[in-house]
A.B. asks: 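One structure, pasted below without further comment.
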Amino acid sequence: MRDALTAKPVAVFNLASEDLNLVGNLDFGSLEKTDTISTNLVAPDGAGYDHLKKYSIQEVMLSNGWPVKIGIVGIADPRMVKPNSGFTARDPMDSIAEVIPELDAQTDFIFVIGEMSEKTADEIAGKFPEVYGVLRTERSLRMIKPRQVNNALVMSAVERGRMLGRMTLVLDSDKKIASYTYRYIDLNQRIKEDPALAARARELLK
C-alpha cells in the first residue's frame, strides 16, 4: 500500500477498516505528498500513528485563477473495524460534529470521504449543511446514481476500486456551487498499467 502511494501519490488518504489489516507498522508519516487522515479512528497507544490527522485542508487553484480551500473529513465504518487491529472507531456523526466548526472557519468547501453505508451518508448530508459532498464506499458491487441530499452531492464508489468517480462542480460568482456533473471511469484493460506499480507488484508476488 505504501509503495503504491509512493509511486502514485495522492493528496489525501483516508484510513479505513480494510487498511488496518495491512498497515502494520508502516510509516505513513514519511509520505510527504500525502495527508493520512481519519476523523473517527482511535489508534492504539504507542503504535506510532502520531501523523494521523483528523482532517486535511487542500488549496487548489481554479482555471479562472480563484484559490479555493477544500476541507476533507475521513470516516471509517465502526462496524467494520476488527478488534485485533488494535483500533477503535468513534461514532461518525459525533466525530464530524467536532471538526466542522474548525473546517468551516478555514475552508470554502467541506467534503466527507470514507467507508459508510448509504444511510450514514444521507445522515451526514442531512445534519451538516456545511458539507457539499459525501463520497462513500462499502462492500457492494451495485452502481448507485449520485444524488443531492440537503446541500451535498452523495456519490458512491464500487467495491475495491473497480471504478473511479469524477465530480465536476460549477461555481457562481460568489463561489457557491451552481451545478455539478459526474461520471464513473471503469478501471479495466483499457486503462494502461503504471510501470512502477506493476514492477513492485511482481516483486511482492515472488
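Keep in mind that the numbers below use all heavy atoms, side chains included, and drop hydrogens, waters and symmetry copies.
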A.B. asks: With side chains defined as the heavy atoms from C-beta onward, is the minimum distance between P92 and E123 less than 4.5 Å?
C.D. replies: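 Side chain of P92 against side chain of E123, heavy atoms only: no contact under 4.5 Å found.
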A.B. asks: If you take all heavy atoms of R136 and S156, which pair is closest and at what distance?
C.D. replies: NH1-OG, 2.6 Å
A.B. asks: Tell me whether T34 contacts the main-chain N or O of V10 through its side chain, where contact means a donor paired with an acceptor under 3.5 Å.
C.D. replies: yes
A.B. asks: Quick check on side chain to side chain contact (heavy atoms under 4.5 Å, CB included): which of L103, V112, I96 does Y55 satisfy it with?
C.D. replies: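 The single option meeting the side chain to side chain contact (heavy atoms under 4.5 Å, CB included) with Y55 is L103.
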A.B. asks: CE of M80 to CD of E115: how many Å apart, nearest 0.5 Å?
C.D. replies: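 That separation rounds to 5.5 Å.
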A.B. asks: Measure the shortest side-chain to side-chain distance between I124 and M116 over non-hydrogen atoms and say whether it is less than 4.5 angstrom.
C.D. replies: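 Heavy-atom side-chain distance check passes, below 4.5 Å.
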A.B. asks: Working to the nearest 0.5 Å, report the span between CZ of R90 and OG of S38.
C.D. replies: 10.5 Å
A.B. asks: Is it the case that the side chain of N150 and the backbone of A125 share a donor-acceptor pair, with hydrogens and angles ignored and the cut-off at 3.5 Å?
C.D. replies: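 Yes; at least one donor-acceptor contact below 3.5 Å.
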A.B. asks: Measuring from Y132:OH to I110:CD1, what's the distance to the nearest 0.5 Å?
C.D. replies: 9.5 Å
A.B. asks: Rounded to the nearest 0.5 Å, what's the gap from CG on L153 to OG on S179? Could you check?
C.D. replies: 11.5 Å
A.B. asks: Output, in order, the C-alpha distance, side-chain angles, deciding distance and verdict of side-chain hydrogen bond (donor to acceptor under 3.5 Å, both in side chains) for S56 and D35.
C.D. replies: CA-CA 7 Å; S56 176; D35 280 348; 2.7 Å; yes
A.B. asks: Nearest 0.5 angstrom please: I113 CD1 to I37 CD1, how far?
C.D. replies: 4.5 Å
A.B. asks: Is there a donor-acceptor pair under 3.5 Å between the side chain of N14 and the backbone N or O of A76?
C.D. replies: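 Side chain of N14 to backbone of A76, a donor-acceptor pair under 3.5 Å: no, none is there.
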A.B. asks: Does L169 reach the side chain of M167, with side-chain heavy atoms less than 4.5 Å apart?
C.D. replies: yes
A.B. asks: Would you kindly confirm whether V73 and I57 end up in one hydrophobic cluster when ILVMFWY residues are joined by side chain heavy atoms under 4.5 Å apart?
C.D. replies: yes
A.B. asks: Measuring from I100:CD1 to T39:OG1, what's the distance to the nearest 0.5 Å?
C.D. replies: 9.0 Å
